[in-house]
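So the structure is just underneath, and the comments pick up after that.
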Amino acid sequence: MRILITGGSGFIGSHLCERFIAEGHELVCVDNLITGTLANIAPFQSHPQFRFIKHDISSALEISGPLDYVLHFASPASPNDYLRYPIQTLKVGSLGTLNALGIAKAKGACFLLASTSEVYGDPLVHPQPESYWGHVNPVGPRGVYDEAKRFAEALTMAYYREHGVNTRIIRVFNTFGPRMRLNDGRAVPTFIAQALKGEPLTVYGDGTQTRSFCYIDDLVEGIRRVMESDLHDPVNLGNPDERSILEIAQKVMAYLSGTTSRIEFRPLPVDDPKQRRPDLTLARRQLGWEPKVSLDEGLALTIAWFREQANHPRLAAEITKG
Ligand code: UDP
C-alpha cells in the first residue's frame, strides 16, 4: 500500500510510520514540525519506502502518484501545545482536514481522521460511549482543540455522505509511550521528566480528576484494525483502566525510587475534565480489539525509554530545560 500520513513526525504518527514500514508499505509523511520532531522519524528516514515532506497541511498540497490511505494525524495535541498554538490548532483541524480529505477524494483513497476524547469535553456521561454528544465549552481555552476536532468529524462525515469518500474516525483517549516530548506538558511525560530531574511532581487540582491511559502499541493495533474495518462512524480507542492523576504521579515516583521528588499541588487548569474513560463496547464487538498492555507495564517501558534517552544529548538538554 502507499500511505500518506499527516503529523507523521509526531508521537502517534511516528509509531504508525514504524509499523507500516515494518509491514512493507510505502509512506509519505507530511509534518510542519511545530510539535513533531525529526528525531522521531530518524530510525527510518533513509528507508527507501519512506519520504518526508516538511509542509503545513493547513495549506494545499499536491501529491504525485496513487494513494491507498490518507491518515490525518497532524495537530498540536497536548493542552500546553494547543494553548500555545491556538490558531494553528483551529486551522489544522479545519483547513488541514479539508485539504487531507481533498487529497483522499482525488486519489480514491480511504481517509482516517484522528479525532479525540476531547470531543466529549468535561463529560456528564461516564464512561463515554461514541453515542454521547459531549459537554464542551466552545469559548474556553480548550475550545480551540475540542471544536477543531468536532468540526473535523463533521467535515469527514460530510465527505463520506456527500462525496462517497471511504472515511473512518477514531477518537483517541489519553495515550502514552516512548517518543512523547518530555516537555509537552502532558501528565505522564511531565511527571517522568520531573522525577528524573529530582524536581517536585506538579499535580494540578487535588489530583482526584481521572484519566485512563493507553500504551502506544495497543493504540497502533487498534488504528490498524479500524483501517481494515468498514466502520464509518466514530470509534473510541483507549484503555478503560481509569486512575486518578495523583495515583499516576505516585506510580511514577515509585518507579524512579531513587528520586528525591515530592508532590506539589498546583491550580487546576480551566475546563480540565474531571473524569474520562472510554466505553470500548464498539471496538471490542466490531474490531475484536482491546488494549493488552497494563498501566504498570506501559510505565516501565516508557520510563526505561526516557532513561535511555537521558544519555542522549538532545533529550538531556530537553530534560534540563524542562
Ligand atoms: N496534569 C497534572 N500535572 C501536570 C500535567 C497534567 O496534574 O503536570 C493533569 C491535568 O490537569 C489533567 C491530567 O493530568 O487533569 C491529564 O492531563 P494531560 O495534559 O496529560 O491530558 P488531558 O487529558 O488533560 O488532555
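Owing to the predicted nature of the structure, the values given are computational and were not obtained by experimental measurement. For ligands, and for the atoms within them, numbers begin at 1 and follow the listed sequence.
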Under 4.0 Å, counting heavy atoms only: does Arg276 come that close to any atom of ligand 1? yes
What is the nearest protein non-hydrogen atom to atom 16 (C) of ligand 1, stated with its residue, atom name and distance? Arg211 NE, 3.7 Å
Might you work through the salt bridge (Lys or Arg N to Asp or Glu O under 4.0 Å) test for Arg262 and Glu264, ending with a clear yes or no? CA-CA 7 Å; Arg262 58 193 170 78; Glu264 196 173 284; 3.4 Å; yes
For ligand 1, which atoms have a heavy atom of Val203 less than 4.0 angstrom away? 7 (O)
When you look for heavy atoms under 4.0 Å from ligand 1, do you find them on the side chain of Pro269, its backbone, both, or neither? side chain
Would you please classify the geometry between the Phe50 ring and the Phe44 ring as parallel, tilted or perpendicular, with 30° and 60° separating the classes? perpendicular
Check each atom of ligand 1 against the heavy atoms of Gln209 and keep those under 4.0 Å away; list them by number with element. 9 (C), 11 (O), 15 (O)
Contact between ligand 1 and Ser78 is defined here as a heavy atom of the residue under 4.0 Å from a ligand atom; is it met? no
Below 3.5 Å, N or O to N or O, backbone or side chain included: is there any such pair between Ala187 and ligand 1? yes
If hydrogens are left out, which of Leu268, Asp271, Asn174 has an atom nearest to atom 21 (O) of ligand 1, that is, the closest non-hydrogen atom? Asn174
Do Ile57 and Leu101 share a hydrophobic cluster (ILVMFWY, side-chain heavy atoms under 4.5 Å, transitive)? yes
Give a yes or no on whether Arg224 atom CZ has more than 12 heavy-atom contacts from other residues, nucleotides or ligands under 6.0 Å away. yes
Could you point out which residue of Glu130, Glu118, Glu153 forms a salt bridge (charged side-chain N to carboxylate O under 4.0 Å, His left out) with Arg171? Glu153
Ignoring hydrogens, just give me the one of Lys274, Arg186, Glu118, Arg142 whose non-hydrogen atom is nearest atom 24 (O) of ligand 1. Arg142
Is Asp184 salt-bridged to Arg179, going by a charged N under 4.0 Å from an acidic O? no
Going by heavy-atom distance to atom 10 (C) of ligand 1, choose the closest among Thr190, Asp272, Asp184. Asp272
In the protein, what heavy atom is nearest to atom 2 (C) of ligand 1, and what distance, to one decimal place, separates them? Tyr204 CD1, 3.3 Å
Can you confirm if the aromatic rings of Phe176 and Tyr215 lie within a centre distance of less than 6.0 Å? yes
Asp81 side chain vs Ala77 backbone, donor-acceptor pair below 3.5 Å: no
Looking only at protein heavy atoms, what sits closest to atom 3 (N) of ligand 1 is Thr202 O, 2.6 Å
